[in-house]
K.L.:
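Can you read through this structure? Questions will come right after.
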Amino acid sequence: QVQLLESGGGSVETGGSLRLSCAASGYLSDRYCMAWFRQAPGREREWVASVGNDDYKRYADSVKGRFAVSLDFADKSLSLQMNSLKREDTAMYYCAADPRRTCWPGVHDHQSSFDSWGQGTQVTVSS
């Protein structure tokens, strides 16, 4: 089991930036996938970005070119740099981990592929 703790959320104006962090503790195998999801009120949780032990990064179309995901391989901490924020980015952001598999396109963009989740950190973008 992997424990995840997010930080860095807050309120920002449209066009601003925020950086989210996720500290991981517990067991991760040599192959693992970590991801960011988000959930806005009244909407389903959606995949935002993922990166795994191979450092291959993938992004949802809605954030491509604005968000950057990174992984510190030393301590397995995950970050999400969010730039040019829009009102529609407002959501609770969650860190997720699959501690046994490298990220698979088409698989690890679904929340059911992850069994470890953080508590979430709120991001609010206002104009």
Side-chain angles (χ1 to χ4, degrees):
Q1 189 73 16
V2 178
Q3 291 76 46
L4 303 170
L5 181 63
E6 303 96 336
S7 61
S11 297
V12 66
E13 293 186 348
T14 301
S17 298
L18 282 174
R19 185 177 182 86
L20 306 183
S21 296
C22 174
S25 60
Y27 176 74
L28 286 171
S29 72
D30 291 340
R31 298 180 180 182
Y32 56 88
C33 181
M34 298 186 74
W36 289 99
F37 284 75
R38 67 186 181 186
Q39 186 167 20
R43 303 190 65 177
E44 293 188 357
R45 191 171 296 188
E46 65 174 358
W47 170 72
V48 174
S50 58
V51 60
N53 59 285
D54 58 1
D55 204 26
Y56 184 71
K57 301 167 185 175
R58 294 179 59 246
Y59 300 92
D61 288 343
S62 59
V63 306
K64 200 172 294 184
R66 300 187 298 121
F67 290 11
V69 65
S70 60
L71 185 59
D72 184 323
F73 292 96
D75 60 9
K76 306 296 191 292
S77 62
L78 183 70
S79 297
L80 185 69
Q81 178 65 42
M82 304 185 295
N83 300 323
S84 302
L85 282 161
K86 306 176 181 179
R87 291 188 65 181
E88 51 264 43
D89 295 319
T90 295
M92 184 73 78
Y93 283 70
Y94 297 91
C95 176
D98 177 349
R100 291 172 294 276
R101 299 180 294 178
T102 300
C103 297
W104 293 356
V107 172
H108 286 97
D109 49 359
H110 298 285
Q111 58 176 319
S112 59
S113 296
F114 297 88
D115 55 11
S116 298
W117 291 87
Q119 294 298 309
T121 184
Q122 178 67 38
V123 171
T124 302
V125 185
S126 59
S127 56

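Only heavy atoms go into these numbers, but all of them, side chains included; no hydrogens, no water, no symmetry mates.
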K.L.:
Can you find a pair of side-chain heavy atoms, one from Tyr93 and one from Gln39, that are under 4.5 Å apart?
P.N.:
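A side-chain contact is absent here, since even the closest heavy-atom pair is not under 4.5 Å.
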K.L.:
Enumerate the side chain to side chain donor-acceptor pair (under 3.5 Å) contacts for residues 109-119, please, sequence neighbours excluded, ordered by first and then second residue.
P.N.:
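Of all non-adjacent pairs touching residues 109-119, those that pass side chain to side chain donor-acceptor pair (under 3.5 Å) are Arg100-Asp115.
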K.L.:
Over all heavy atoms of both residues, which pair between Phe114 and Cys33 is shortest? Give the atoms and the distance, please.
P.N.:
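In terms of heavy atoms, the two residues are closest at CE2-O, 3.8 Å.
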K.L.:
If a pair satisfies salt bridge (charged side-chain N to carboxylate O under 4.0 Å, His left out) and one of its residues is in residues 83-93, list it, with sequence neighbours excluded.
P.N.:
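Matches after skipping sequence neighbours: Arg38-Asp89, Arg66-Asp89.
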K.L.:
I'd like to check Tyr94 versus Arg45 (side-chain heavy atoms, cut-off strictly below 4.5 Å). Are they in contact?
P.N.:
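Yes. Closest side-chain heavy atoms under 4.5 Å.
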K.L.:
Can you get from Val2 to Leu80 by hopping between Ile, Leu, Val, Met, Phe, Trp and Tyr side chains that sit under 4.5 Å apart?
P.N.:
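Yes; Leu80 is reachable from Val2 via cluster members.
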K.L.:
Can you check whether Ala68's main-chain N or O pairs, donor with acceptor, with Gln81's side chain at less than 3.5 Å?
P.N.:
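Not confirmed, Gln81 side chain does not pair with Ala68 backbone.
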K.L.:
Among residues two or more places apart or on two chains, list those pairs meeting disulfide (SG to SG under 2.5 Å) that have a residue in residues 64-97.
P.N.:
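Matches after skipping sequence neighbours: Cys22-Cys95.
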K.L.:
Applying side chain to side chain contact (heavy atoms under 4.5 Å, CB included) to Leu18 and Val123, what does each step give before you reach the verdict?
P.N.:
CA-CA 8 Å; Leu18 282 174; Val123 171; 3.9 Å; yes
K.L.:
Which pair of non-hydrogen atoms, one from Val69 and one from Tyr59, has the smallest distance, and what is that distance?
P.N.:
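Closest approach of Val69 to Tyr59, heavy atoms only: N-OH, 2.9 Å.
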K.L.:
Quick one: pull up OG in Ser50 and CZ in Arg58 and give me the separation to the nearest 0.5 Å.
P.N.:
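Those atoms lie 5.0 Å apart.
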K.L.:
Check the pair Thr124, Val12 against side chain to side chain contact (heavy atoms under 4.5 Å, CB included), reporting the backbone distance first and the verdict last.
P.N.:
CA-CA 6 Å; Thr124 302; Val12 66; over 6 Å; no
K.L.:
Donor-acceptor check, side chain of Tyr32 to backbone of Lys76, threshold 3.5 angstrom: yes or no?
P.N.:
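Answer holds: no.
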K.L.:
Where is the tightest heavy-atom contact between Thr90 and Gln122, given as atom of each residue plus distance?
P.N.:
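Reported closest heavy-atom pair: CG2-NE2, 4.1 Å.
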K.L.:
Would you name the heavy atoms of Ser70 and Arg19 that are closest together and state the gap between them?
P.N.:
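Taking Ser70 first and Arg19 second, the nearest heavy atoms are OG-NH2, 3.8 Å.
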K.L.:
Kindly compute the distance separating CG (Asn53) from CG (Asp30), expressed to the nearest 0.5 Å.
P.N.:
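Result: 7.5 Å between the selected atoms.
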K.L.:
What verdict does the side chain to side chain contact (heavy atoms under 4.5 Å, CB included) test give for Met34 and Leu4, after you've listed the backbone C-alpha separation in whole Å, the side-chain angles of each residue and the deciding distance to 0.1 Å?
P.N.:
CA-CA 10 Å; Met34 298 186 74; Leu4 303 170; 4.0 Å; yes
K.L.:
Check whether any side-chain heavy atom of Leu20 sits under 4.5 Å from a side-chain heavy atom of Leu78, and report yes or no.
P.N.:
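The answer is no; the side chains never approach within 4.5 Å.
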K.L.:
Are Leu71 and Phe67 joined in one hydrophobic group, where the rule is that I, L, V, M, F, W and Y side chains link up if heavy atoms are under 4.5 Å apart?
P.N.:
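In one cluster: yes.
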K.L.:
Give a yes or no on whether the backbone of Asn83 and the side-chain of Ser17 come within a donor-acceptor separation of less than 3.5 Å.
P.N.:
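Side chain of Ser17 to backbone of Asn83: no pair is present.
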K.L.:
With side chains defined as the heavy atoms from C-beta onward, is the minimum distance between Ser21 and Ser79 less than 4.5 Å?
P.N.:
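Side-chain contact under 4.5 Å: yes.
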K.L.:
Are more than 12 heavy atoms from other residues, nucleotides or ligands located less than 6.0 Å from atom CG of Asp75?
P.N.:
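Yes - once you tally the heavy atoms of other residues, nucleotides and ligands closer than 6.0 Å, there are more than 12.
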K.L.:
Val51 vs Trp36, test: side chain to side chain contact (heavy atoms under 4.5 Å, CB included). Steps then yes/no.
P.N.:
CA-CA 9 Å; Val51 60; Trp36 289 99; over 6 Å; no
K.L.:
Considering all heavy atoms of both residues, which atom of Cys103 and which atom of Gly52 are nearest to each other, and what is their separation?
P.N.:
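In terms of heavy atoms, the two residues are closest at SG-N, 3.6 Å.
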K.L.:
I want to check something: taking the side chain as every heavy atom from C-beta on, are Glu46 and Phe37 in contact at a cut-off of under 4.5 Å?
P.N.:
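Side-chain contact under 4.5 Å: no.
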K.L.:
Does Ser126 use its side chain to pair, donor to acceptor, with the backbone of Glu13 at less than 3.5 Å?
P.N.:
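Judged by distance alone, no pair lies under 3.5 Å.
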K.L.:
What is the minimum heavy-atom distance between Trp104 and Arg101, and which atoms define it?
P.N.:
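What the structure gives for the nearest pair is CZ3-NH1, 4.2 Å.
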K.L.:
Run the numbers on Thr102 and Asp54 for side chain to side chain donor-acceptor pair (under 3.5 Å), then give the verdict.
P.N.:
CA-CA 7 Å; Thr102 300; Asp54 58 1; 5.2 Å; no
